[in-house]
Amino acid sequence: MCGIFGYVGTERDASDAVIEGLRRLDYRGYDSWGVAVLNRHGIEVEKHVGIVTKEPLKIRGNIGIGHTRWATHGAVTENNAHPHYAADKSFVLAHNGIVENATELKAVLEKKGHKFHTQTDTETIVRLVEEKQKRHKKLADAVRAAFKDLTGRNTIIVLAKDGEVIAARNGSPLVFGSKNDELYFSSDVLSFAPHVSSVMVMENGQMVSKNGQRLQVMDIAKGTKVTPKFEKNAIVGGEVNKGDYDHYMLKEIREAPFVVRQLLKEPDTNYRALAAAIKKAKNVYTIGSGTAGAAAAQIAFYLRVYGEIKATALIGAEASDYYSLIGKGDLLIAPSQSGETADVLEVLELAKKRGAMIASHVNMPGSMMTRMSDFKFMAQAGPEICVMSTKIFTSQIAWGYLVAKTVGGKLQDGKRNLSALATAMNRYLKDEIVLKTLKEIAGRMAKKEDLYILGKGQNQQIIKEGMVKIIEGSYIHAHGIPAGDLKHYAITLMEEGTPVIAVVSNDTLKNDVLNAIHEVKARGAKVVGIAPENAEQFIDWLKVPDTKETSAIMNVIPLQLLAYYMALARGNNIDKPRNIAKSVTVK
Ligand code: G6P
């Protein structure tokens, strides 16, 4: 949620550097943005509602900070966009997070005479810093004192009129990149990767101040200095572009075979080490949010089926009832694109404190989840730019399948199956007739207001994820129904013409799903089947290759493509759907 970027250097104009960085961070929020630069006039700020501009700004300078916003407190307006000025314009501040005690702090500050001009919780930090400046002469000391009074997960960046840039982290990520005399600040490493030779990830509870040549890292609580530890920038190909595609979403769906093959490059020893820990663990939990929550549930499914492990799937924001049950000897497995999702991190931090072990599968380098994990797997899938997650979901569940097969003593068999899956996916994704048919069906479905997706067993999380993609991309109400549960409630909704997508694998549950389809068809529903074999109940058949054990992973692709073409038919902003953000670093 929200992206922060900063640049200090003489090589580039700061507003150009910051705008480029913000454009790469806008997956974190894109309702409004702002840039502040320092020049001979003092600190100049430009703010706008909407997506970050491609045009150069009029304001220029050698030092600058910027912010792209996903509104939490206060409407989407220019006035609420960051950075926010101090009353005397001696500094500006941008923020990522939620100040949980903002109401209390504001009441105290107002009593002391501070005036508020925005609806944001961020402004509370600005006024608090001003209040602290009454006792602390140095701005960095005032920022530190103010930061200590905040509750919640917050990260801030401050630009002062003497050229000092200060950043403090407690939650949302903040990383640095440097090359010669240039220093970049950002919410992720990919945003500046092509420009830097070394990177550093700031730890929670740390503060950095950069003034001229001086770079100081400090422990906020203790007030002691910390030696900055830069590492060589190992990110290759941080470049982000759509290539020949109109949208990142389609490009990324089509990268599925690549992301599956990337998993096969991971040394066997890493899969074996995790499998051994899973077998030894007292309890095994999988955890994620949103799409990663569906992936976590699918991973748990695979662990039960192929690993004979009693794995329990948790949703990040809904795990509090497990807090007192998680402890030493347990293992938590977290798939996460960003590795920074706040509600998942909260559970992992608690679990770690209580002595549990953590395994993660993450795509974004340098993330908090990777850093806190005992078993660290990287998806190595390349940047996923579309806010709707597609290729990473595929990577997460394929990884979970392989981990489960390893637990079951069949790593090599699992690898062979994934390799065959990648080949089948590749052929499928290149088949022009397949794409044409999907587009036609999606065009029809895009005219509906409601649709239903049926599936069972290995496809249960897949239909849920299909539902999520359709809702996110086309804003059409979709509803995933476990095929067996249909007759218990959702059958009341079936009537003449109701659109239903049924996902039917060639497995032992196939007949149960076909029976459910009979029941909806009898009530007039029009069923499109995603299946290796045709059935008389389908009005349209979307044929998929039968990849046996990995059939569920294969079925994800037509669902993602349907969601893509539906969003396209509706004329929506496909890569940036309304109201959502890719990385949710606030609770
Ligand atoms: C947001 C995104 C989802 C994503 C979820 C978890 O809600 O919109 O696409 O699945 O966060 O993100 P993570 O980075 O942990 O995979």
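Just so it is clear, the values below take in all heavy atoms, side chains as well, and ignore hydrogens, waters and symmetry mates. Start at 1 and go down the list; that is how both ligands and their atoms are numbered. Values in this document were obtained by computation on a predicted structure and should not be read as measured data.
You'll find the side chain of V344 stays beyond 4.5 Å of the side chain of S336, heavy atoms only.
In the vicinity of K582, heavy-atom distances shorter than 4.0 Å reach the ligand 1 atoms 1 (C), 2 (C), 11 (O). Every atom of ligand 1 is numbered from 1 in the order shown, and the set under 4.0 Å from a heavy atom of T341 is 6 (C), 12 (O), 13 (P), 14 (O), 15 (O).
Residue contacts with ligand 1, taken as heavy atom pairs separated by less than 4.0 Å, do not involve P335 at all.
No cation-pi contact links R570 to Y475, judged by a cut-off of 6.0 Å to the six-membered ring centre and 45° from its axis.
Counting protein heavy atoms only, atom 5 (C) of ligand 1 is closest to S289 O, 3.4 Å. Protein heavy atom in closest approach to atom 14 (O) of ligand 1: S338 OG, 2.6 Å. Here the protein heavy atom with the shortest distance to atom 7 (O) of ligand 1 is V584 CG2, 3.8 Å. Nearest protein heavy-atom neighbour of atom 10 (O) of ligand 1: T291 N, 3.1 Å.
Nearest to atom 8 (O) of ligand 1 by heavy-atom distance, out of A292, A581, S367, is A581.
Between K469 and E472 there is a salt bridge, with a side-chain nitrogen of the basic residue lying less than 4.0 Å from a carboxylate oxygen of the acidic one. The existence of a salt bridge linking E252 and K582 is excluded, since no basic side-chain nitrogen approaches an acidic carboxylate oxygen closer than 4.0 Å.
Distances between N or O atoms of Q337 and those of ligand 1 include at least one value under 3.5 Å. Residue I580 has no nitrogen or oxygen atom sitting less than 3.5 Å from a nitrogen or oxygen atom of ligand 1, judged on distance alone.
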### Task
For E349 and R153, run salt bridge (Lys or Arg N to Asp or Glu O under 4.0 Å): C-alpha distance rounded to whole Å, both residues' side-chain angles, the deciding distance at 0.1 Å, then the answer.
CA-CA 13 Å; E349 279 161 6; R153 305 179 85 89; 3.3 Å; yes
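Ring-centre distance between Y271 and F377: below the 6.0 Å cut-off.
By the neighbour-count criterion of 12 heavy atoms within 6.0 Å, atom CG of D321 is densely surrounded, having more than that number from other residues, nucleotides or ligands.
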